[in-house]
Chemist: 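Got a structure here, written out as structure tokens. Questions coming.
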Amino acid sequence: MNNNKILVTQPVMPSLHEFIPYLEKIWESKWLTNNGQFHQQLESELADYLGVKYVSLFANGTLALLTALQTLKISGEVITTPYSFVATTNALWWNNLKPVFVDIDPDYHNLDPEKIAAAITPNTTAIMPVHVYGNPANVERIQEIADIYGLKVIYDAAHAFGVNYKGTSVLNYGDLSILSFHATKVFNTFEGGAIISHDEKTKKRIDYLKNFGFADEVTVTAPGINSKMNEVQAAFGLLQLKGLNTNIEKRKAIAEQYNEGLKGIKGIKLFNEFPGTKDYNYAYYPIFIDEREYGKSRDELYFHLKENGIFGRRYFYPLISNFPIYKGLESSNIGNLEIANITAKKVICLPIYPDLASFEIDRIIKLLETQ
Ligand code: T4K
């Protein structure tokens, strides 16, 4: 269907042949959801792969975010970044929480820890940063501030599958982290997600909450939700996990080819890993256009690429705080979010996925050179 089009991403499909035996097992057992055998196996294999203590699987990342906020009974105001996918802020809204946007730093595009304290009020109960593009937020500084003010930290780590920071998984920071396993992600289960927790009691509470609040047949511990992952998704995840390291290597090679081809072009700023990052996952390949130096605006380039069949995406534009639904919040004041506003106007994420061919990357680089 998309013969000449190159989209921003494309999932890697494991062989259908290899998937059939998993489906046969599901058919035989007639166990389709509610903590089935593949669900249990995937939780355990993911905990090993990621180097974390507890994984609770979810039907998608958004439900994981909603449930994480319920798990810690967050109330009042939550400090977050406007430079993210809209699901981050929507999850606050669905929990009746007030999002308070704080600006990002210009080099790594994550919440600027030095600007958090000024946004804290007596109603602030938590910070919800995002590891944008899988690049670790400044987890150490954020924790210091959270400790001083007695705040919880929930990371939206939707992009940060497999990323380590200073010798441990970046998911081990904060009180909870959530992952997305959407079709567009480095690791996917069609749709899917997870909450990473660090102790058994919290894991239990999360698992009750995602299953209506049931602790057993007759005990409902909280007004829970149904956000469980089913057995077909979990089986697909087990199969995805097998080829994952190879696929991340392929992503890395693509990023290196782009880096080499683009490094000399004036007005194109490349992505920087936050110092201390290990095992970056190459989830996205953002570039940032300086209109004056490059000679064309970001949007002119974006549409030029489109006309040539290259469908990059402007992740994350518009800024969440500029959507009409959130613009009215006093914390969306443009003066406070200067760097985020500038960044959202400069970014294009170029196509990156394991099956993207080298000659296609060369073609994209040529288009960027000859603008
Ligand atoms: N927090 C953050 C920071 C997030 O980035 C996200 C999701 C979430 C939370 C919420 O997690 P989930 O509830 O989604 O698990 C896409 C994804 O739908 C979304 O998961 C992702 N972030 C966001 C950054 O990107 P769109 O609206 O750009 O998706 P769409 O349908 O335009 O797809 C993008 C490209 O991917 C298409 O051009 C083609 C390709 N594609 C897409 C699908 C669905 C495929 O090749 N196959 C597919 O099945 O949001």
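Read the numbers this way: they start at 1 and go in the same order the structure lists the ligands and their atoms.
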Chemist: Does NZ in K269 sit with more than 12 non-hydrogen atoms of other residues, nucleotides or ligands closer than 6.0 Å?
Modeler: yes
Chemist: Do the rings of Y155 and H131 sit parallel, tilted or perpendicular, given the 30° and 60° boundaries?
Modeler: parallel
Chemist: Kindly write out the residues that satisfy side chain to side chain donor-acceptor pair (under 3.5 Å) with D48, not counting sequence neighbours, or none if the list is empty.
Modeler: none
Chemist: When the ring planes of H159 and F316 are compared, do they come out parallel, tilted or perpendicular, using 30° and 60° as the limits?
Modeler: parallel
Chemist: Who pairs with A222 by side chain to side chain contact (heavy atoms under 4.5 Å, CB included), at least two apart in sequence or on another chain?
Modeler: R205, L209
Chemist: Quick one, list the residues around ligand 1 where some non-hydrogen atom comes in under 4.0 Å, by chain and residue number.
Modeler: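 Protein residues near ligand 1 are L7, V8, T9, Q10, P11, N60, G61, T62, S84, F85, A87, T88, V130, D156, A158, H159, S180, H182, A183, T184, K185, G192, Y284, R313, Y315.
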Chemist: Name all residues meeting the side chain to side chain contact (heavy atoms under 4.5 Å, CB included) criterion together with V12; count only those two or more places apart in sequence or in a different chain, and write none if there are none.
Modeler: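 Checked V12 against side chain to side chain contact (heavy atoms under 4.5 Å, CB included); matches are N247, P354.
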